[in-house]
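Notes follow once the structure below has been shown.
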Amino acid sequence: MNPLERLDEYARNITPHDVEKLMENCLVKSAMGGGAGLALGFGIGVFFSSTQYDIPAGYENSTTWTKVKEGFKATGRQGWSSAKNFGTISVVFSGTECVIEKYRGKTDLWNGVYAGCATGAVFGVRDFIAGPKAALAGCAGFAAFSATIEYLLFRH
(Lines give C-alpha, C1' and ligand atoms only; values in the text may rest on other atoms or scores of the structure.)
Protein backbone atom coordinates (compact mmCIF):
# COMPACT_ATOMS: atom_id res chain seq x y z
CA MET A 1 0.00 0.00 0.00
CA ASN A 2 1.52 3.33 -1.03
CA PRO A 3 1.58 6.38 1.28
CA LEU A 4 -1.35 8.10 -0.44
CA GLU A 5 -3.54 5.03 -0.04
CA ARG A 6 -2.61 4.81 3.63
CA LEU A 7 -3.42 8.48 4.12
CA ASP A 8 -6.75 8.02 2.34
CA GLU A 9 -7.62 5.03 4.53
CA TYR A 10 -6.65 6.95 7.67
CA ALA A 11 -8.78 9.94 6.61
CA ARG A 12 -11.79 7.69 6.01
CA ASN A 13 -11.50 6.25 9.54
CA ILE A 14 -11.46 9.58 11.41
CA THR A 15 -14.45 9.84 13.72
CA PRO A 16 -16.09 12.98 15.13
CA HIS A 17 -14.65 11.98 18.50
CA ASP A 18 -11.12 12.16 17.03
CA VAL A 19 -11.78 15.65 15.70
CA GLU A 20 -13.26 16.75 19.02
CA LYS A 21 -10.21 15.41 20.88
CA LEU A 22 -7.91 17.29 18.52
CA MET A 23 -9.84 20.54 19.00
CA GLU A 24 -9.42 20.26 22.79
CA ASN A 25 -5.64 20.28 22.47
CA CYS A 26 -4.20 23.53 23.83
CA LEU A 27 -1.65 23.83 21.02
CA VAL A 28 -4.42 23.56 18.44
CA LYS A 29 -6.57 26.11 20.28
CA SER A 30 -3.61 28.44 20.56
CA ALA A 31 -2.79 28.10 16.86
CA MET A 32 -6.41 28.71 15.88
CA GLY A 33 -6.50 31.77 18.12
CA GLY A 34 -3.32 33.04 16.52
CA GLY A 35 -4.74 32.57 13.03
CA ALA A 36 -7.91 34.42 13.96
CA GLY A 37 -5.81 37.17 15.57
CA LEU A 38 -3.71 37.50 12.42
CA ALA A 39 -6.79 37.87 10.24
CA LEU A 40 -8.51 40.33 12.56
CA GLY A 41 -5.33 42.33 13.08
CA PHE A 42 -4.68 42.58 9.35
CA GLY A 43 -8.22 43.82 8.74
CA ILE A 44 -7.98 46.41 11.50
CA GLY A 45 -4.55 47.53 10.31
CA VAL A 46 -5.78 47.99 6.74
CA PHE A 47 -8.83 49.90 7.95
CA PHE A 48 -6.86 52.30 10.12
CA SER A 49 -4.16 52.69 7.51
CA SER A 50 -6.78 54.00 5.09
CA THR A 51 -7.66 56.77 7.54
CA GLN A 52 -4.11 58.11 7.79
CA TYR A 53 -2.98 58.40 4.22
CA ASP A 54 -0.37 61.04 3.60
CA ILE A 55 2.00 61.46 0.71
CA PRO A 56 5.50 60.36 1.72
CA ALA A 57 8.33 62.83 1.25
CA GLY A 58 9.69 62.72 -2.27
CA TYR A 59 6.42 61.55 -3.86
CA GLU A 60 4.65 64.93 -4.14
CA ASN A 61 5.44 65.27 -7.85
CA SER A 62 5.12 61.57 -8.72
CA THR A 63 2.54 60.08 -11.04
CA THR A 64 -0.81 59.01 -9.69
CA TRP A 65 0.03 55.35 -10.30
CA THR A 66 3.22 55.64 -8.22
CA LYS A 67 1.26 57.25 -5.38
CA VAL A 68 -1.36 54.48 -5.55
CA LYS A 69 1.34 51.77 -5.41
CA GLU A 70 3.00 53.43 -2.43
CA GLY A 71 -0.37 53.77 -0.72
CA PHE A 72 -1.05 50.04 -1.14
CA LYS A 73 2.42 49.19 0.14
CA ALA A 74 1.92 51.37 3.22
CA THR A 75 -1.50 49.79 3.81
CA GLY A 76 0.00 46.30 3.58
CA ARG A 77 2.81 47.19 6.00
CA GLN A 78 0.35 48.62 8.51
CA GLY A 79 -1.93 45.58 8.14
CA TRP A 80 0.94 43.15 8.67
CA SER A 81 2.19 45.10 11.69
CA SER A 82 -1.24 44.99 13.34
CA ALA A 83 -1.66 41.34 12.35
CA LYS A 84 1.55 40.35 14.13
CA ASN A 85 0.49 42.17 17.29
CA PHE A 86 -3.03 40.73 17.36
CA GLY A 87 -1.77 37.26 16.44
CA THR A 88 0.81 37.22 19.22
CA ILE A 89 -1.65 38.39 21.84
CA SER A 90 -4.22 35.84 20.64
CA VAL A 91 -1.74 32.95 20.81
CA VAL A 92 -0.70 33.82 24.35
CA PHE A 93 -4.25 34.46 25.59
CA SER A 94 -5.91 31.41 24.04
CA GLY A 95 -3.08 29.09 25.05
CA THR A 96 -3.07 30.40 28.61
CA GLU A 97 -6.86 30.19 28.87
CA CYS A 98 -6.82 26.59 27.66
CA VAL A 99 -4.15 25.55 30.16
CA ILE A 100 -6.04 27.28 33.00
CA GLU A 101 -9.31 25.65 31.93
CA LYS A 102 -7.71 22.20 31.92
CA TYR A 103 -6.06 22.81 35.29
CA ARG A 104 -9.27 24.09 36.94
CA GLY A 105 -11.47 21.50 35.24
CA LYS A 106 -14.33 23.86 34.47
CA THR A 107 -15.37 26.48 31.94
CA ASP A 108 -16.43 29.78 33.41
CA LEU A 109 -15.79 33.51 33.36
CA TRP A 110 -12.76 33.22 35.63
CA ASN A 111 -10.68 31.29 33.10
CA GLY A 112 -10.74 34.31 30.81
CA VAL A 113 -10.02 36.70 33.67
CA TYR A 114 -7.00 34.70 34.83
CA ALA A 115 -5.74 34.29 31.26
CA GLY A 116 -6.24 38.00 30.65
CA CYS A 117 -4.26 38.84 33.76
CA ALA A 118 -1.42 36.52 32.75
CA THR A 119 -1.38 37.82 29.17
CA GLY A 120 -1.45 41.44 30.31
CA ALA A 121 1.37 40.82 32.77
CA VAL A 122 3.50 39.15 30.10
CA PHE A 123 3.01 41.96 27.60
CA GLY A 124 3.36 44.60 30.33
CA VAL A 125 6.94 43.53 31.05
CA ARG A 126 7.94 42.03 27.73
CA ASP A 127 10.92 44.36 27.40
CA PHE A 128 12.05 43.51 30.99
CA ILE A 129 12.59 47.20 31.71
CA ALA A 130 9.10 48.25 32.71
CA GLY A 131 9.03 46.28 35.95
CA PRO A 132 6.26 45.09 38.25
CA LYS A 133 4.12 48.22 37.91
CA ALA A 134 3.72 47.63 34.18
CA ALA A 135 2.97 43.94 34.82
CA LEU A 136 0.31 44.86 37.38
CA ALA A 137 -1.26 47.46 35.08
CA GLY A 138 -1.25 45.02 32.16
CA CYS A 139 -2.75 42.31 34.34
CA ALA A 140 -5.53 44.58 35.60
CA GLY A 141 -6.33 45.98 32.16
CA PHE A 142 -6.43 42.68 30.30
CA ALA A 143 -8.32 40.97 33.12
CA ALA A 144 -10.98 43.70 33.17
CA PHE A 145 -11.31 43.61 29.39
CA SER A 146 -11.53 39.79 29.40
CA ALA A 147 -14.16 39.81 32.14
CA THR A 148 -16.24 42.33 30.21
CA ILE A 149 -16.04 40.36 26.96
CA GLU A 150 -16.76 37.04 28.68
CA TYR A 151 -19.75 38.53 30.50
CA LEU A 152 -21.21 40.28 27.46
CA LEU A 153 -20.66 37.51 24.92
CA PHE A 154 -21.09 34.34 26.89
CA ARG A 155 -23.15 35.22 29.99
CA HIS A 156 -21.72 32.34 32.05
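Note that CE of M32 is 13.0 Å distant from CG of L27, once rounded to the nearest 0.5 Å. Distance check: S82 OG to L38 CG gives 11.0 Å after rounding to the nearest 0.5 Å. Rounding to the nearest 0.5 angstrom, the gap separating the CG atom in L109 from the CD1 atom in I149 is 11.0 Å. Note: Y114 OH to T96 OG1 = 14.5 Å, rounded to the nearest 0.5 Å.
Residues in residues 71-102 take part in these disulfide bond (SG atoms under 2.5 Å apart) pairs, two or more places apart or across chains: C26-C98. Residue pairs satisfying the salt bridge (Lys or Arg N to Asp or Glu O under 4.0 Å) criterion with at least one member in residues 96-105, sequence neighbours excluded, are listed as follows: R104-D108.
In terms of heavy atoms, G112 sits closest to S146 at O-CB, 3.3 Å. Minimum heavy-atom separation, G124 to A134: O-CB, 3.2 Å.
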Open item on the list: Please determine whether side-chain contact (heavy atoms from CB on, under 4.5 Å) holds for the pair N25 and K21, giving the CA-CA distance in whole Å, both sets of side-chain angles, and the decisive distance to 0.1 Å.
Closed with: CA-CA 7 Å; N25 185 315; K21 225 166 97 176; over 6 Å; no
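The local environment of CD in E5 is crowded, with over 12 non-hydrogen atoms from other residues, nucleotides or ligands closer than 6.0 Å.
In this structure, F93 stands alone, with no Ile, Leu, Val, Met, Phe, Trp or Tyr side-chain heavy atom under 4.5 Å from its own, directly or through other members. Annotation for F42: hydrophobic cluster partners, listed by chain and number, are V46 (ILVMFWY side-chain heavy atoms under 4.5 Å, direct or chained).
Both V113 and L152 are assigned to one and the same hydrophobic cluster, defined by single-linkage of ILVMFWY side chains at heavy-atom distances under 4.5 Å. Linking Ile, Leu, Val, Met, Phe, Trp and Tyr residues whenever their side-chain heavy atoms come within less than 4.5 Å places Y151 and W110 in a single cluster. Following chains of ILVMFWY side-chain contacts shorter than 4.5 Å, one can reach F72 starting from W65, so the two form part of one hydrophobic cluster.
Between the side chain of S50 and the main chain of F47, a donor-acceptor pair closer than 3.5 Å is present. With hydrogens and angles ignored, the 3.5 Å screen pairs no side-chain donor or acceptor of N85 with any backbone N or O of G41. Checking side-chain atoms of T119 against main-chain N and O of G116 turns up no donor-acceptor pair under 3.5 Å.
Residues satisfying the side chain to side chain contact (heavy atoms under 4.5 Å, CB included) test with L40, not counting sequence neighbours, are I44, F86. R6 meets the side-chain hydrogen bond (donor to acceptor under 3.5 Å, both in side chains) test with no other residue; sequence neighbours excluded. Remark: V91 pairs with S30 by the side chain to side chain contact (heavy atoms under 4.5 Å, CB included) rule, at least two apart or across chains. With sequence neighbours excluded, the residues satisfying side chain to side chain contact (heavy atoms under 4.5 Å, CB included) with R77 are K73, A74. E20 pairs by the side chain to side chain contact (heavy atoms under 4.5 Å, CB included) definition with E24, not counting sequence neighbours.
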